Structures are given as structure tokens and as C-alpha cells.
Protein chains: 2
Amino acid sequence: MSRRRVTLADLAQAAGVSRTTASLVMTGRGRELRISHDVEQRVLRAADELGYRPNAVSVGLRTGTSRTIGFVSDTVATSRLAGDMIKGALEAARERGVMLFIGETEGDPDLERGLLHAMQDRQVDGIILAAMFTRTIKVPKDIGPAVLLNALPKPASGLPSIVPDEVEAGRSAARVLLDAGHRDGVYLIGAGPRLRDGPVDSVAAVERLQGIRDSGLKIAGARACPDWQPEEGLAATRALLAEHRPKALICLNDRLALGAYQALQDAGLSVPDDVSVVSFDDHPIASWLRPKLTTVALPYYELGRKAVEVLFAQMGEESEPGQVHRVAMPVRLRESVKPR
Amino acid sequence: MSRRRVTLADLAQAAGVSRTTASLVMTGRGRELRISHDVEQRVLRAADELGYRPNAVSVGLRTGTSRTIGFVSDTVATSRLAGDMIKGALEAARERGVMLFIGETEGDPDLERGLLHAMQDRQVDGIILAAMFTRTIKVPKDIGPAVLLNALPKPASGLPSIVPDEVEAGRSAARVLLDAGHRDGVYLIGAGPRLRDGPVDSVAAVERLQGIRDSGLKIAGARACPDWQPEEGLAATRALLAEHRPKALICLNDRLALGAYQALQDAGLSVPDDVSVVSFDDHPIASWLRPKLTTVALPYYELGRKAVEVLFAQMGEESEPGQVHRVAMPVRLRESVKPR
DNA sequence: TCGCATCGCTAATCCGATTTAGCAAAGGGA
DNA sequence: TCCCTTTGCTAAATCGGATTAGCGATGCGA
């Protein structure tokens, strides 16, 4: 039904010139190599009429570049989180006329190797290695141009990393309470009081705690949770309420906050009249909860964009090896914090 | 640092044979074309030692096939929904040794054209056209082998479609209540009572209503909502409670159910003791809510898998044109329905 | 011993572009 | 008029494989 693609040879014939000339015109090197304006127009017109588009595979073989990058994640593509990360990467890629391969490794090293090979075999120009949760990862050998997204290389690899600025986010969360006049009665749900009290391997836990500590806000107490799920937030807050009467809660993420809301409600306490709540992530539920949850957002979209930008910068010129790019986490002021 | 890739020529030289012979052995046509067992082993061993992997771009140019398919969605890749759809497609693709390009059109026809071109220029073997919500879409001309995912072609196009079986889902939801002994006092939140009372263009609304009607379950009343957001569920349920005392609610999706939960709670009604709630989608919040929400799941993962399977079947032999594949929507029995 | 089939492998071509090297014609200076 | 540039374009090589056509050596029957 649809007939054969128009090739450079077809175009050359239609314009009455050689393939070389047609190619020179189409790649914009006509001026440089002294193709007359007349011939140039002839080729351009023919290309337009025939709807000529260069075969990217052929170009790839000849030039070694495919205008394609690979997005390899552990399992991020499936979670809501990843959605925006991929979206950011996708848009930044589109602006540069580049396509995106995606793949998930499920944390399986064999799958990862297979995926990377499949991408390298297709001559991707670069690779984005993404992680679901901010964490350290081991970078495979001979990966070529690459950046780490939401991850840091375990043995230093010289590859650039893009991560959310969690320490500053911790400060931001604390500052929200400070600005609202909270000086005491502030409790942590999910981690703390010591930096190591929280989910293992969680960069977010440690850095958020660090930021909160930096802020100078006095923390009255804390309940650690191993997995940051809603039930844990519920249990931790319930346990907390059994002993104390908090004026404000910093939940280490929104799922914990969801549980905390339930516990507060069960205890007949009002948010934010009795207890202010601040959280992290800006998960979709944050704006569905009532009152809407004030939270410090994970900038997934921006992280994805930035990954592509840094990857291109790296492919272009020499850049400082191993640079860590921290993306700001914006505060979403909503309804769960009240001045006192 | 990392040296040049191993090419077929390198392999041939290392094994002391011609490129032709090396190629024949590596593509498994050695037997067929009478390459001796001895030489075959020599080539295989050399390939192993050198770590030879054929350059997929070159193979693509020569054979015209790229072992790559394109996944084009309106904006599905960003939503939680899409996550699983992509994941299903990804796994089915990996099982077949195929890579996935992804792209989002944002509903912009120009972007869509550009994306499709970019993919065709890279010689994708087929394309999956996916939609965020089940709906009808206009299929571009000359798209080549393709399938519609979560969508139906507006002017019939002959392309196969993969959609969730919403009518059966409607029956399932009603059956859950019937099985629990509910015969009256059942209200709808989000759409109905007439088939056209619901969000415009929503295939889900119409078909779910149809299924509910098919079930024989008597519906006492309904409140339509235009956008199926939590606030609308809250408002609709509140309005309903002002006039009636429902025994059970069928919410047309989980976000509406979230709002309904809040309204019921505000009214001092208990789920499921006073009111049973059934819903659709199996959004992540469904299992976070308390009590956990019984809902009929959108089988995103299976939809994604099926799309790849159907695409391959279509690329293979002749298949019945325009076939519609309906994927079952499983009931997730949880805690929000109580027998009476 | 000749002719023909079979065996085992390879030379050459092709896919669709980019790129290098160079050729024929026109122009300019001596 | 001759030689040398410059102009404007093209032939041919290349990328890395798959594939077609065919070549030399051996075996076998007559």
C-alpha cells in the first residue's frame, strides 16, 4: 500500500544531480562546498515534493551517531515518580531532536548488562542510569557517555550525577515551621533523631535529617520507620500521641503523612489547628488530602530534564568529571501548617 | 579508553576465515550452507573470546528490520497508569529481544507526526499508539504495522485495538454488591443514571454503566460528575446524603471513591458497616484508604503486554483486520463491602 | 581417464547515507 | 597563447553487516 521510502538516490535523480550533491545540500554543507544557488534550490524543491527524509539508520551507520539516548532505570518507569522523570527527559530530548530508548533492569545485573548491550549495539549516543529512590549504584564498565539520575556512583566513576537537593529540602521544611512561629513541640515521623535512624540505604532520610538539623529548629522527638509506608506513619504517630502532645509534625514523606493524618484524626486532633504537618515528596495524594498537605516536592520533571542536559554537555566538551548536580526541591505551601 | 568495537571483520580475521563465513556462522546459517563443524567452532570460539556482538545499526540497514518498536502515547507515560502499561510492554518486548522507543504527543498532531517520523526514520518494526484514557483516536496515514492501546480507531482503520473490558467490569462491580446481598439502596457516584450522564468522550463511563445495567442490580439513584476528581466525589456524595440514606455506593473510579469516603466520614457513616463502597481502576490509593477499597482493576500491565503480543502477531502473519482485544478487569476484593 | 555432482568456503554486491579526493570548465594573469 | 586558479560538481570509498552467486577441490560413476 504505502510505497517504498524516498531515498537520497531518488532525490538526486529527481533533481538531476548526483547523490553527493543532494547530500551536500540536505546536510547544509552546500554553501561551504560551492554548490550553486540554482542547484541548491532545485534539490530543496525536489526534496520537498518527494517528502524526502534521510534514513536515520543509514546515517547512523555512516556517522556513528544515532541521535538516540538510552534511559535505563531499576524500576522507576513504573512508579508514578518515574513518570515525571521520564517526561522531563522526553521533552528535553525532543527539543534536541533525540529519541529515547527505555528499559528496566528490576535491579537484576544480568538484565542490566543485556539492556546496556542492546542499547550500545544500537549505537546510542549516551545513557541515563536512573534509580527509583535516591541511592548509590555501581556503574558498569565501558558504559560510554552516561549520567546518573537520582543516584550517586558507589565507587567513584567520574560520571556526573543529578540528584534532588535533599539537605536544602530538609532546611526548607524546617523553615516552613519556623516561619509559622513553631519553636517547640515539633516531632519527626519516619526517621531520626539520629542521622542513621531511618530506612537503610536511604540517602533521602539522612540528608533530610541533616537539613532539618542545620535549620536550628529544635526537635522534641522522633519515631523512625523502616519502610515509609502509610501504616507505619499511622502506627508511629499513634505511638507518639500516646506519650506526647505535638504542635507540629515533620513527616519524612507524604505516605507517612497520610498515616499521620489518620492517627491525628482518630485522636480527635485537627490539622492544622491543633497540629501542623509538613512533609516531603509532593506525591499526588498530598493535594488530595484534606487539608491539603504542605510538602517539599521532589522535582522529578526537572531531574529528568537536567539529566538530558548534562548528558549532552558531557558529550559535547570536556566537563569536570564526577560533578554532582543538585536540583532544588520547591516547597508547596498548602493548608496543613498554621501560624502560632 | 574503551577501544573500538569488535566488528565482523575482526572476528573473521581472528578465526582465519572470510567475513562471509563468520557471518554465516553467527547467524546460524552455517549448517544450512555447509560450513564444517571445525570452522564453525573456530568462529564461535573467537566470537566468544573477542566478545563480538553484531552492530544492530548495520544489521538494520541491511535487513530493513531494527528489532525496535515505538510506543507513542498522548500523555500516558507520565501518569501512574501508564507506568504499568509501559512496564507490561517493556517486559513483553524484552522477551522478544526488542527495544522500545517512547514518545509523548501531548495531544498535539504536529508533535505526533514528528514523533512518528522520527521513529519511522529509525526503521521501527511497529508502533503502539496508546491513550491515557480509553477513547477513540484518529489514526495517521501510512503508519505501517501498528496497534491501538487503550484506544479505538475513530474512522475504522483496520488496526487492531487493545482495550480493557469495561462492560464486564461494570457487571463485576455490580455482582460484588449482589453477592453481598445488596438489593436496594445502591447509588452511583460519577455517572448515570442514563448512559450519557458522565464525562464526555469517556468510553469507560458508558461501558461501566452498561455493565452495571446488564447485571440486573437495581440502581436507586445517581450523581454525575464531569471530571471524576476527588472533590467532585466529595460534593456529589455530600449532595446525595442530603437527600438519601444509601446502603451501597458504586463510584465510577477510585478518585471519586476517595471523595465519597470523606463525605461519608463527615456524615458520621461507617464504611462498610453503614455503607458499602465499590469502585473502579485500582489506583494505588485504593489500598491506602481505610478501610481498603474494593475495586475493579484496570489491567494496565496486561494491556501493555497484550499490545506487544498483538503487534508481533500482526507483523507475522495476516490477522483479522480491526480486531478488538478486550482484556479482563479483575476484581480486587478488599474491605469496603459488607454483606447484609 | 573424463565428466559431473557435491562439498566447503569466499568474492562481490547491496542497504542508504556521508565524506574525501579529484575532474572538467571557466576565468585571470603574464 | 599558455598556465594556474577558482568554480561547481561528481566518482568512489566507507560504515558493518547479510546475501547471492560462484569457485576450486574432492569423490564417484562410467
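Each chain gets a letter, A, B and so on, in the order its sequence line appears, and its residues count up from 1. Side-chain atoms are counted along with the backbone in the values below, which use heavy atoms only and exclude waters and symmetry mates. Predicted, not measured: the structure shown is a model, and the values here were computed from it.
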Do B:Arg62 side-chain and D:dA18 base share a donor-acceptor contact under 3.5 Å? yes

Name the closest nucleotide to the B:Leu33 side chain, picking from C:dC14, D:dT20, D:dC15. D:dT20

Integer-rounded Å distance: C:dA17 C1' and A:Arg67 CZ: 16 Å

Going by atom types alone, do A:Arg122 and A:Thr68 pair a side-chain donor with an acceptor below 3.5 Å? no

Between B:Arg31 (CZ) and C:dC9 (P), how many Å, whole number? 10 Å

Taking the six-membered ring for Trp, are the ring centroids of A:Phe101 and B:Phe101 within less than 6.0 Å of each other? yes

A:Arg29 side chain, from C-beta outward: closest of C:dT19, C:dT18, D:dC9: C:dT19

Tell me the interatomic distance from A:Leu8, atom CG, to D:dC15, atom P, rounded to whole angstroms. 19 Å

Between B:Thr105 and B:Asp74, do the side chains contain an N or O donor and an N or O acceptor separated by less than 3.5 Å? no

Can you find a donor-acceptor N/O pair under 3.5 angstrom joining the side chain of A:Arg34 to the base of D:dT7? no

Identify which nucleotide among C:dT18, C:dT19, D:dG17 has an atom closest to any side-chain atom of B:Pro54, counting heavy atoms from C-beta outward. D:dG17

Options D:dT19, D:dC9, D:dC15, nucleotide nearest the side-chain atoms of A:Leu61: D:dC15

Among the candidates D:dG17, C:dT10, C:dT18, find the nucleotide nearest to the side-chain atoms of A:Ser23. C:dT18

Write down the distance between CZ (A:Arg4) and C1' (C:dC14), rounded to a whole number of angstrom. 13 Å

Looking only at C:dT10, C:dA17, D:dT10, the nucleotide nearest the A:Tyr52 side chain is C:dA17

A:Gly16 or B:Met26, whichever maps to the more 5' nucleotide of DNA chain D: A:Gly16

Select base, sugar-phosphate, or nothing to describe what B:Val57 touches, counting heavy atoms under 4.0 Å on all strands. nothing

In terms of side-chain geometry, is the basic nitrogen of B:Glu309 or B:Arg305 positioned less than 4.0 Å from the acidic oxygen of its partner? yes

Could you tell me how far apart A:Leu24 (CG) and C:dT20 (P) are, to the nearest whole angstrom? 11 Å

Please check if any side-chain donor atom of A:Ser18 sits under 3.5 Å from a side-chain acceptor atom of A:Thr21, or the reverse. yes

Taking C:dT18, C:dC7, C:dT10 as options, the one with an atom nearest any side-chain atom of B:Thr20 is C:dT10

Below 3.5 Å, does any donor atom in the side chain of B:Ser58 face an acceptor in the base of D:dA18, or the other way round? no

Could you check whether A:Thr7 gets within reach of a base, just the sugar-phosphate, or nothing at all, counting any heavy atom under 4.0 Å? sugar-phosphate

Among the nucleotides C:dA11, D:dC15, D:dT10, whichever has the atom closest to the side chain of B:Ser18 is C:dA11

Roughly, in whole Å, what's the span from CD1 in B:Ile35 to P in C:dG8? 9 Å

Audit row: B:Asp84, B:Lys87, salt bridge (Lys or Arg N to Asp or Glu O under 4.0 Å) steps and yes/no: CA-CA 5 Å; B:Asp84 282 341; B:Lys87 187 169 179 128; 6.0 Å; no

By nearest-heavy-atom nucleotide on DNA chain C, the more 5' of B:His37 and B:Gln123 is B:His37

Select base, sugar-phosphate, or nothing to describe what B:Thr63 touches, counting heavy atoms under 4.0 Å on all strands. sugar-phosphate

Please report, rounded to the nearest Å, how far the P atom of C:dT18 is from the CD atom of A:Glu32. 14 Å

Roughly how many Å is it from CZ in B:Arg122 to P in C:dG16, rounded to a whole number? 17 Å

When we call it a touch if two heavy atoms are under 4.0 Å apart, what does A:Ser36 touch: a base, just sugar-phosphate, or nothing? sugar-phosphate

